[in-house]
Amino acid sequence: MARILITSALPYINGIKHLGNLIGSQLPSDVYARYMRGRGHEVLHICATDEHGSPAELAAKKAGQPVAEYCAEMHAVQADLARGFRIGFDHFGRTSDPANHKLTQGFAEALDRAGLISEVVEHQIYSVDDARFLADRYVEGTCPNCGYDRARGDQCENCTKQLDPTDLIEPRSAISGSTNLEVRETRHLHLRQKQMRGQLSEWIESRTDWPVLTTSIAKKWLNDGDGLQDRGITRDLDWGIKVTRNGAPWPGLEDKVFYVWFDAPIGYIAATVEWADKTGNDWKRWWRTDAGAQDVKYVQFMGKDNVPFHTLSFPATILGSGEPWKLVDYIKSFNYLNYEGGQFSTSLGRGVFMDQALDILPSDYWRWWLLSHCPETSDSEFTWESFQSGVNKDLADVLGNFVSRVTKFCRSKFSEEVPSGGQYGPEEDALIADLETRLKAYETHMEAIDIRKSAAELRAIWVAGNEYLQAAAPWAVFKEDPDRAAAQIRLALNLIRLYAVLSKPFIPDAAHTMLEAMNATDAEWPESVAEAMSALPAGHAFTVPANLFDKITDEAREEMQARYAGKG
RNA sequence: GGCUGGGUAGCUCAGCUGGUUAGAGCGCACGACUCAUAAUCGUGAGGUCGGGAGUUCAAGUCUCCCCCCCGCCA
């Protein structure tokens with residue numbers, strides 16, 4: 001039995017995530033966690049909301065709430081949606097939790113002791129009326145290049161020219177619109193990542209089994225241009241983790257907090273501490289290599305935009321601290337999911353968001369389609385047609401109908417008990433042999449976290465049941481040789497139970513319904529298919545479940561297409 | 001402009017360290033079956049693997065050049 005620590009990228013607090021975010025980390029991490037649990041491994045699956053930074057402050061302001069209150073509310077919403085999608089986190093924490101404050105300050109102090117923190121004086125735009133420093137993108141004005149009057153301080157959206165906030169003509173605060181701005185000096189801490197470039201590079205180079213997407217992004221940041229740069233780890237904000245040194249406020253940085261990218265990944269550890277406090281478990285045996293974590297396999301899931309932080313910044317924090325923290329073993333990264341030929345857009349209301357999705361259809365529908373189309377090797381695309389076709393064909397026709405035809409046939413020709421009589425013959429043995437092979441392939445793909453291939457193999461396992469049934473034709477055999485038909489149906493009923501067990505990682509709710517209908521007490525991962533085919537003995541009572549999946553009609557699909565097209 | 005990733009059947013994608021007639025699912029055509037959510041099963045049509053040059057006995061698979069898409073960065 002292995003011990004596997006799984007973390008899913010932390011969703012930012014300011015709003016509900018769309019399907020692209022969902023398939024980029026939480027859904028695949030859940031499939032992997034469920035599978036590994038199913039195989040009997042000790043799994044800890046952790047996530048949290050990423051709550052600090054200006055966007056959170058501004059979203060709270062817009063909502064007319066104190067930021068702490070806003071975050072608490074949004075955390076509850078996101079936790080609820082995760083549950084709605086059956087994401088089985090052991091704990092869904094918050095980066096604003098006291099545990100994260102303590103850990104983050106501890107890391108910064110350790111890095112400082114290691115000589116990896118420097119103080120840097122910067123010049124930044126200060127808004128007198130807002131009483132705060134403005135990040136580049138919160139300064140707006142007229143573009144000196146093209147005259148566009150809503151250019152941002154980092155870039156003009158109209159002519160795409162890169163800008164410095166001080167380049168803008170008539171700059172104003174994007175928050176209040178105030179033009180009462182001035183350039184002020186401000187002191188910040190930098191993490192001296194440059195010094196760690198060799199160490200990080202060596203580490204990345206040694207990870208030969210990682211997805212190309214992960215390593216290529218990491219190498220780009222390591223080697224591009226002047227190579228890995230030092231980065232600021234503090235900000236002039238109220239909402240965040242106070243900067244300390246030797247347990248006391250850092251002299252000269254009393255009004256500052258850590259920059260969100262610094263404290264967020266530490267949130268993985270903090271959320272584990274939260275979990276331990278709540279459950280009475282020990283978090284150190286998952287995170288401290290001097291306390292048992294040396295034999296943990298740590299796997300992270302994230303979208304490609306998060307890769308630099310997980311391959312470089314966070315490891316720099318871990319390694320630089322000089323303390324025995326657990327470093328990630330495998331980074332599974334994903335490309336983007338597009339929506340009907342474009343991008344998902346929060347501002348334009350384009351695409352489907354997690355709350356809307358659950359209002360439309362149960363989570364299994366989304367889980368199945370998203371996972372079987374997840375953007376592993378390149379960006380992939382959500383279209384309503386593809387979604388309709390995938391759900392109808394795979395879930396309703398192949399799996400759902402299999403359960404339906406078998407249970408209903410048995411009820412009408414025998415009873416709602418596994419029929420006795422006859423025995424398995426060469427046809428059954430051939431099916432079992434085929435399924436043994438497919439089961440091994442499924443397991444191999446799951447171990448490798450090849451989500452799409454796993455889904456394809458699972459589907460092939462479902463199809464094999466229909467193939468068998470079609471060839472065996474118990475409805476015809478029954479007329480001449482009821483005993484033979486009984487054996488065939490006995491096998492088919494056992495297939496339903498097996499399918500439920502194997503399908504649990506992808507479609508947990510349907511799997512549960514199938515197990516209940518089969519009245520199955522054994523839901524353990526099968527040692528062998530042959531053995532699994534006698535789990536439900538003759539005489540075992542079952543019930544005919546309602547259809548597992550309803551089909552999506554053309555009308556419904558067209559309606560959705562129109563409703564979520566966005567206003568862009 | 002620099003750099004990832006990608007460009008393989010109508011659609012969505014597999015194709016590892018180069019090696020028999022390039023694969024799957026969907027869609028389409030035809031056939032079988034009629035237990036089942038008009039579901040299922042079988043057969044078939046369909047691709048000069050973005051373009052060009054090269055290496056090799058042999059190239060979607062390696063090298064170089066070019067074109068196009070997505071994204072990141074300047």
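Every value quoted in this text rests on a predicted model; they were computed, and no experiment measured them. To find a chain, count down the sequence lines: A is the first, B the second, and so on, and within it residues start at 1. What you see below is based on every heavy atom in this structure, not just the backbone, and it leaves out hydrogens, waters and symmetry mates.
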Just how far, in rounded Å, is [atom2] of [N] from [atom1] of [X]?
X	N	atom1	atom2	value
A/Leu399	B/rA36	CG	C1'	13 Å
A/Glu381	B/rC26	CD	C1'	15 Å
A/Leu548	B/rU37	CG	C1'	11 Å
A/Arg411	B/rU37	CZ	P	10 Å

Checklist outcome for this item: Residues pairing under salt bridge (charged side-chain N to carboxylate O under 4.0 Å, His left out) where one sits in residues 452-474 of chain A, two or more places apart or in two chains, turn out to be A/Asp394-A/Arg459, A/Arg438-A/Glu457
Checklist entry - With sugar-phosphate meaning primed atoms plus P, OP1 and OP2, does A/Ser386 contact a base, only sugar-phosphate, or nothing at under 4.0 Å between heavy atoms? => result nothing
Polar atom pairs (N or O), protein with nucleotides 68-70 of chain B, under 3.5 Å:
{"unit_1": "B/rC70", "atom_1": "O2'", "unit_2": "A/Asp379", "atom_2": "OD2", "d": "3.0"}

Checklist outcome for this item: Under a 4.0 Å heavy-atom cutoff, the residues of residues 478-514 of chain A touching RNA chain B are none
Item to check | Neighbours of RNA chain B within residues 427-461 of chain A, by heavy-atom distance under 4.0 Å | outcome: A/Arg452, A/Lys453, A/Arg459
Item to check | salt_bridge(A/Arg197, A/Glu202) N-O dist < 4.0 Å | outcome: no
Checklist entry - Do A/Arg563 and A/Glu559 sit within salt-bridge range, that is, some charged N less than 4.0 Å from a carboxylate O? => result yes
Which residues pass the side chain to side chain donor-acceptor pair (under 3.5 Å) test with [X], sequence neighbours left out?
X	value
A/Gln356	none
A/Tyr468	A/Glu428
A/Gln388	A/Asp554, A/Arg557

Next on the checklist: Going by side chain to side chain donor-acceptor pair (under 3.5 Å), name the pairs with one or both residues in residues 507-517 of chain A, residues two or more places apart or in two chains.
Outcome noted: A/Arg86-A/Asp509
Checklist entry - Which letter, B, S or -, goes with each nucleotide of nucleotides 38-46 of chain B from 5' to 3', with contact meaning a protein heavy atom under 4.0 Å? => result -SBSS----
Item to check | Which residues share a side chain to side chain contact (heavy atoms under 4.5 Å, CB included) with A/Asp305, sequence neighbours left out | outcome: A/Tyr336
With a 3.5 Å cut-off and sequence neighbours excluded, list the donor-acceptor pairs that the side chains of residues 406-413 of chain A form with protein atoms.
{"unit_1": "A/Thr407", "atom_1": "OG1", "unit_2": "A/Val403", "atom_2": "O", "d": "2.7"}
{"unit_1": "A/Thr407", "atom_1": "OG1", "unit_2": "A/Ser404", "atom_2": "O", "d": "3.3"}
{"unit_1": "A/Lys408", "atom_1": "NZ", "unit_2": "A/Ser404", "atom_2": "OG", "d": "3.4"}
{"unit_1": "A/Ser412", "atom_1": "OG", "unit_2": "A/Phe409", "atom_2": "O", "d": "3.3"}

Checklist entry - Expressed in whole Å, how much space separates the P atoms belonging to B/rA45 and B/rU34? => result 28 Å
Checklist entry - Does A/Asp30 have any salt bridge (Lys or Arg N to Asp or Glu O under 4.0 Å) partners at least two apart in sequence or in another chain, and if so, which? => result A/Arg34, A/Arg367
